[in-house]
Amino acid sequence: MQLKRLTNKNIVLGITGSIAAYKACDIIRMLKKEGADVKVVTTDNALKFITPLALETLSGNEVVKEMFPEHRVVKTRHISIAEWADAILIAPATANVIGKIASGIADDFLTTLVMASRAPVVIAPAMDYEMVTNPIYLENCKKLEKHNFTFVPTEEGPLASGAVGPGRLAKYDIILNRVLFSLQKKSVLKGKKVLVSAGPTIEPIDPVRFISNYSTGKMGFAVAEAAVIRGADVILVTGQVSIDVPFGVKCIKVGTAADMEKAILDEISEADVLIMAAAVADYRVEKYSGNKIKKSGDLTLKLKKNKDIINSVLEKKRPKVLVGFAMETNDSEKNAVNKLKDKKLDFICMNNLYDEGAGFAKDTNKVTIFEKNGSAEELPVMSKFGLAEKILDKVEKYFREN
Ligand code: CTP
């Protein structure tokens, strides 16, 4: 399911003369897939690496490069594109273009556009590691950050020069995350501390076996990403999963339910919001075996109940907003409403494992959100990120009204 998080958004993609310019095609596709209208503006040097035909075919718009094109009367095109843009993304950005913008130089179409526009500007640099660590370059970045330009830090890895180090263009999903961040209107979550739990816990039986569940962490990770895009300070406490931690999120990896409880209790005092999306194992084995249990006859394991983490949180310090999840297979509504009350939650997101589009490991979910005031909203099948946005909208509304 495609999210189309940039629907009705106009994005200028500025491309400059770095070898990473070849990646601009993928960036255009990513922005278009998210629903954006994309206009490409290049420098002269960018077109030494990539052709206008490729860029125009993918963006569906004419590539703009010349400030004063011959044989054409184009009235103040830099102003009309500056007004058209909801955001300007420069990817890849060279040290040269960053230096020019930082110095107020506007000697080509792209730099003039940046000077003329009041849209947020996201800069994704790509260059050799000697350049990316150059103090003059770093000073220029600092200056632009002071003026609210958003930077997407370069990645470490093999560079075109053969060297290995920082300087590679950031991953596409991180660039997209920063574009979404730059487009956010003022959110009440900005600067708030949001604690999110995700994934399964594992309860070891012996050094080679454990009890766990099918949770993949996708829901909790989506909540963490949506919250960081809104400017929250996000701490993600996660069981063992195999997805990338969203850019800007502080991640604490845990194993057992007891580890998760400890990590959450360590962070809870400062938290404004706790969203418990983790599938916490309710039981652990009573006696862990330090040696591998050898196969003989049937094996009986005695299980002990784990503590309820939300309960422990309530005993220590209740954050302003507390959100839980309920994964049910039967009597879903009754069970969810009981959990909402018993765990003293503000919201509970109920999903039924047997509903089409819901369940573990999927990219979508189908949820009804119950509130402590008795209201309920049944949402259609939607992407987990889309659902994360809905949950955060409710959290924001709660902050505004309470
Ligand atoms: N939860 C928790 N600590 C536990 C178990 C669950 O904090 N030891 C949280 C979950 O993260 C979720 C909510 O409580 O937000 C409901 O979890 P769920 O597994 O649906 O319910 P349980 O309370 O475990 O009850 P049951 O397993 O009987 O449905």
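Indexing begins at 1, ligand by ligand and atom by atom, following the structure's order. The first residue in the sequence is number 1, and the count goes up from there. Both backbone and side-chain heavy atoms feed into the values below; hydrogens, waters and symmetry mates do not.
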Visitor: Applying side chain to side chain contact (heavy atoms under 4.5 Å, CB included) between V38 and each of I27, L89, L31, report the one that passes.
Guide: L31
Visitor: Specify the protein heavy atom at minimum distance from atom 7 (O) of ligand 1: its residue, its atom name, and the distance to 0.1 Å.
Guide: I310 N, 3.1 Å
Visitor: Check A91 against A24 and note the closest heavy-atom contact, atom names and distance.
Guide: O-CB, 4.4 Å
Visitor: How does K307 reach ligand 1, by side chain, by backbone, by both or by neither, if only non-hydrogen atoms under 4.0 Å count?
Guide: backbone
Visitor: Looking only at protein heavy atoms, identify the closest one to atom 3 (N) of ligand 1 and say how far it is in Å.
Guide: I309 N, 2.9 Å
Visitor: Contact between A257 and ligand 1, counting heavy atoms under 4.0 Å?
Guide: no
Visitor: On a heavy-atom basis, I'd like to know which of E261, K339, M260 is closest to atom 25 (O) of ligand 1.
Guide: K339
Visitor: Hey, does D282 come in under 3.5 Å of ligand 1, counting only N/O atoms on both sides?
Guide: yes
Visitor: Check N306 against ligand 1 and report side chain, backbone, both or neither, counting heavy atoms closer than 4.0 Å.
Guide: neither
Visitor: Side chain to side chain donor-acceptor pair (under 3.5 Å), that's the test. Do Y283 and N306 meet it? Break it down for me.
Guide: CA-CA 5 Å; Y283 294 94; N306 278 332; over 6 Å; no
Visitor: Can you name the one residue among L180, L392, V188 that meets side chain to side chain contact (heavy atoms under 4.5 Å, CB included) with R230?
Guide: L392
Visitor: Out of N351, N335, V280, whose heavy atom sits nearest atom 4 (C) of ligand 1?
Guide: V280
Visitor: State whether any protein heavy atom lies less than 4.0 Å from atom 19 (O) of ligand 1.
Guide: no
Visitor: Distance to the ring centre below 6.0 angstrom and angle to the axis at most 45 degrees; does that hold for K372 and F347?
Guide: no
Visitor: Can you check whether V323 has an N/O within less than 3.5 Å of an N/O in ligand 1?
Guide: no
Visitor: Could you tell me, atom by atom, which parts of ligand 1 come under 4.0 Å of a heavy atom of M327?
Guide: 20 (O)
Visitor: Give the intermediate values and the outcome of side chain to side chain donor-acceptor pair (under 3.5 Å) for residues T43 and D108.
Guide: CA-CA 7 Å; T43 59; D108 62 7; 5.6 Å; no
Visitor: Just to confirm my output: which protein heavy-atom neighbour is closest to atom 14 (O) of ligand 1, and how far is it?
Guide: K343 NZ, 2.9 Å
Visitor: Is R5 positioned over the aromatic face of F385, cation under 6.0 angstrom from the ring centre and no more than 45 degrees off axis?
Guide: yes
Visitor: Under 4.0 Å from a heavy atom of A278: give me the atoms of ligand 1 that qualify, with their elements.
Guide: 10 (C), 11 (O)
Visitor: Suppose I only count heavy atoms of G324 and a 4.0 Å limit; which atoms of ligand 1 are within that range?
Guide: 15 (O)
Visitor: More than 12 heavy atoms of other residues, nucleotides or ligands under 6.0 Å from NZ of K142: is that the case?
Guide: no
Visitor: With atoms numbered from 1 as shown, which atoms in ligand 1 lie under 4.0 angstrom from a non-hydrogen atom of A326?
Guide: 20 (O)
Visitor: For F360 and Y214, take the angle between the two ring planes, folded into 0 to 90°, and tell me which bin it lands in: parallel under 30, tilted 30 to 60, perpendicular over 60.
Guide: tilted
Visitor: Is there a polar contact, in the sense of an N or O pair closer than 3.5 Å, between F325 and ligand 1?
Guide: yes
Visitor: Going by side-chain hydrogen bond (donor to acceptor under 3.5 Å, both in side chains), K100 matches just one of T111, D107, T16, T94. Which one?
Guide: D107
Visitor: Show which atoms of ligand 1 fall inside a sub-4.0 Å distance from at least one heavy-atom site of M276.
Guide: 7 (O), 11 (O), 12 (C), 15 (O)
Visitor: Looking at E225 and K384, is any side-chain nitrogen of the basic one under 4.0 Å from a carboxylate oxygen of the acidic one?
Guide: no
